[in-house]
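A short worksheet on the structure shown next.
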Amino acid sequence: MDTVEETITRAKDTSDTGPQTTRTPHVNAAQYHSLYEASISDPEAFWSKQGERLDWITPFTKVKDVSFDLGNVSIKWYEDGVLNVAANCIDRHLATRGDQTAIIWEPDDPAEAALHITYKDLHRNVCKMANVLEELGVRKGDRVILYLPMIPEAAYAMLACARIGAIHSIVFAGFSSDALGARINGCDAKLVITADEAPRGGRKTALKSNTDAALLHCKDSVKCLVVKRTGGQTTWTDRDYDYAEMALEADDTCAPVPMNAEDPLFILYTSGSTGQPKGVVHTSGGYLTYAAMTHEITFDYHDGDVFWCTADVGWVTGHSYIVYGPLANGATTIMFEGVPTYPDAGRFWAVCEKHKVNQFYTAPTAIRALMAAGNEPVERYDLSDLKVLGTVGEPINPEAWNWYNTVVGKGKCPIVDTWWQTETGGHLLTPLPGATELKPGSAQQPFFGIQPKVLDPQSGVEITTTEAEGVLVLADSWPGQMRTVWGDHERFEKTYFSDYKGYYFTGDGCRRDADGDYWITGRVDDVINVSGHRMGTAEVESALVAHARVAEAAVVGYPHDIKGQGIYAYVTLMNGETPSPELRKELETWVRTEIGPIAKPDLIQWAPGLPKTRSGKIMRRILRKIAEDDYASLGDTSTLAEPAVVDDLIENRMNRR
Ligand code: 6R9
């Protein structure tokens, strides 16, 4: 029998474990507790051992060097180690599993054939892509933007960047050309990789023409590499290069570039409570160690399993649990181009049956949408290979949890409700299969090395009783933590380390119950969570006020049955403008083009005025209450400049439940 430490470090070389007949979990309850203790009492020893999951060109001698002190925040893991992330995800598996499938690609249209890409195929394709990037002048440290459908080339491009030391930044294909342009300029990218069109749910998004529009606002030197996914009509300019043509000529080997553990691997833009999205920076050694470890332990991934995370690679979940974590572990990972409801509400389950999926990981919003379609689309398929189910992105309501458990999991599959963030790189709070007694709706317990604390939001004092409610912070670092905001370390410190000194502030509220289990209660800042996607209310407001007929706008979230939260916008028009259904449509379209479809307001209320303090601050607390149709409990409105404004807003509220 393995020692506990060996059990959880075996992902480095799983070739000796063979097919699993019995499913002894990697970590049981007793092991969880003893190992968690060890991870907190001696983090250096614990993470030194975990670092051995990876193949290092030069092994690290230093494990951790961290300061959370405001003005001096610095986070380093394995800082003198040298490795290559792509070599860890591909090359080291070639000898033992070259012919094993690395990626199963499932296209949008079920009539089109799925692809089974072996580790050898992956190696060849990533090397070709890496050589194409080099030919286009991309070098170590350069930034490359990916604006792609969920096609194998997206994974090739991520890993090709990692192979040559370039830093990728993926822009979700649902974002508009304006959002894309802002990110190209934001990280001063040398190259954009896109596709002609992105098929999704039977429709096509014109990615290339969006990219053309974005590039009008970027430096002339930015090049564009185009993958022809559909063969749809596109315009072609001097800066465009055809990927298929170049790949044909490119060599199919490419030496991985030795990278320092703290060299950036990727930038991912995410919404915050203020200003425009910030570029979250993740580095190489710590991020990969953490992604690999959480993938193996949280999902109880065993050698030979088929793992499916339904996220898009445009979000952090896709980075850590479609590409980096699974491939570092030599897993078989599914990449799905489509949507849950196309051609019908049985698609997820059809794919689970077809590819004999063992671990299935999705978002509560998808579960709620599928639950609304009833049990029949699930019962049509054989889901007997499922072993573990997971959720991420927002709190899951017990009704959806129970449906997931009984109808999808047939009561046999533990559900891991994983709480984490773009900033955290991997899971921080989660039950573990076989180790945790589950509670529907709770992310339950900290992962190894994670020290959650609950603080009083006002005083910032830690609440040390077992039962507690307040803001969630973390007392120490873990290897997958973000290192900085691209180009703005001060913003990094201010956003995460200034409100509660000495802690990483998550932006989430939480409750700890009598058993010590954690329940996330949602964001305590001006970030809303729409279908599991983060959206800053400030971003939507600034898009609205950029419209010529809008004078002022305030945006809040409100409870939405499927999306979790919907976007509720209060809009004050310019003097002389009159509200109309046409103008409402126009504003919706406007926000779609400024940011993307996910930012489109669900409800727009015409507001002759907004409730403000005498100093002119918009009182969002009141707007939130009205949007929630909970105006009886508005609290103290005595500081309002014009209390009558509130009566009008209540009278004309849009969300009568
Ligand atoms: C991975 C991801 C992060 C925010 C986070 C929180 C919410 C994520 C959750 C959850 C309750 C869960 N969130 N997982 N809330 N239970 N299991 O989603 O990253 O897009 O950065 O969003 O999502 O509010 O702060 P990201």
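Read the numbers this way: they start at 1 and go in the same order the structure lists the ligands and their atoms.
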Glu493 and side-chain contact (heavy atoms from CB on, under 4.5 Å): which partner among Asp69, Leu70, Asp488, Val485? Leu70
Heavy-atom donor-acceptor pair, Thr466 side chain to Gly516 backbone, under 3.5 Å: no
Specify side chain, backbone, both or neither for Glu394, according to which of its non-hydrogen atoms lie closer than 4.0 Å to ligand 1. backbone
Just which atoms of ligand 1 are under 4.0 Å from any heavy atom in Val392? 1 (C)
Any N/O of Thr270 closer than 3.5 Å to an N/O of ligand 1? no
Under a 4.0 Å N-O cut-off, is there an ion pair linking Glu399 with Arg368? no
Protein heavy-atom partner closest to atom 22 (O) of ligand 1 - residue, atom, separation in Å: Arg534 CD, 3.1 Å
Contact (N/O only, under 3.5 Å) between Thr422 and ligand 1: yes
Between Arg347 and Glu106, is the closest basic N to carboxylate O distance under 4.0 Å? yes
Atom NZ of Lys563 with >12 non-hydrogen neighbours under 6.0 angstrom: yes
Sub-6.0 Å ring centroid separation between Trp315 and Tyr321: no
Would one find an N or O of Thr391, backbone or side chain, under 3.5 Å from an N or O of ligand 1? no
Take every heavy atom of Trp420, measure it against each atom of ligand 1, and state whether any distance is under 4.0 Å. yes
List ligand 1 atoms under 4.0 Å from Asp417, heavy atoms only on the residue side. 12 (C), 16 (N), 17 (N)
Close approach of Gly393 to ligand 1, heavy atoms, under 4.0 angstrom: yes
Among protein heavy atoms, which lies nearest atom 6 (C) of ligand 1, and at what distance? Asp508 OD2, 3.2 Å
Which of the ligand 1 atoms, numbered from 1, are nearer than 4.0 Å to a heavy atom of Asn529: 7 (C), 23 (O)
Please confirm whether Tyr503 and Tyr496 have ring centers closer than 6.0 angstrom. no
Which protein heavy atom lies closest to atom 11 (C) of ligand 1, and at what distance to 0.1 Å? Pro395 N, 3.1 Å
Contacts of type side chain to side chain donor-acceptor pair (under 3.5 Å), residue Trp308, not counting sequence neighbours: none
Proximal ligand 1 atoms for Thr317, defined as those under 4.0 Å from one of its heavy atoms: 1 (C)
Would you say that more than 12 heavy atoms from the other residues, nucleotides or ligands in this model lie under 6.0 Å from the NZ of Lys439, or not? yes
